[in-house]
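Keep in mind that this is a model prediction, so the values were computed, not measured. The first residue of the sequence shown is numbered 1, and numbering continues consecutively from there.
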Amino acid sequence: AQGARAITELVRNALADPAFSISFTADNVVAAASGDVGWTTGTFTLHQTSQTTHRPETITGRYVTTYRRTGGAWLAVHDINTPEPAMPPY
């Protein structure tokens with residue numbers, strides 16, 4: 001989602017889903033020598049209700065988030081995630 005309105009709607013819908021939970025595990029955390037830019041990479045696990053089947057589903061994948069230090073606080077500037085590919089049928 002892009003833009004405040006779209007992100008707000010995405011979060012509102014996710015929080016309304018009784019199956020919703022998300023967790024992140026960072027495997028790399030880096031801050032630039034300048035102290036004003038950093039990033040994390042890692043994995044995520046998302047539990048939600050499928051919009052297609054209306055049944056609970058679990059999605060796992062990887063993420064990269066970049067941060068900028070502004071006024072002493074680290075603010076997320078970009079967040080990119082990608083689900084892991086589904087396993088092929090046997």
How long is the span from the CH2 atom in W74 to the CG atom in D36, to the nearest 0.5 Å? 7.0 Å
Could you tabulate the donor-acceptor pairs under 3.5 Å formed by side-chain atoms of residues 64-71, not counting sequence neighbours?
from	atom 1	to	atom 2	distance (Å)
T65	OG1	D79	OD1	2.5
T66	OG1	H78	N	3.3

Applying salt bridge (charged side-chain N to carboxylate O under 4.0 Å, His left out), can you list everything that pairs with E57, at least two apart in sequence or on another chain? none
Distance in Å, Q48 CD paired with S21 OG, rounded so as to fall on 0.5 Å steps: 10.0 Å
Are L46 and I80 in one and the same hydrophobic cluster, where Ile, Leu, Val, Met, Phe, Trp and Tyr link if side-chain heavy atoms are under 4.5 Å apart? no
Reference residue T45; test side chain to side chain contact (heavy atoms under 4.5 Å, CB included); the match among I59, I22, T60: T60
So that I can tick it off, tell me whether D17 and R12 are bridged by a salt bridge, with the cut-off set at under 4.0 angstrom between side-chain N and carboxylate O. no
Between the side chains of D27 and T41, is a donor N or O closer than 3.5 angstrom to an acceptor N or O? yes
ring-ring contact (aromatic ring centres under 6.0 Å, His included) involving F20 - partner list, sequence neighbours excluded: none
For F44 and N81, which heavy atoms make the closest approach, and how far apart are they? CE2-CB, 3.8 Å
Mind checking whether Y63 and F24 have parallel, tilted or perpendicular rings, split at 30° and 60°? perpendicular
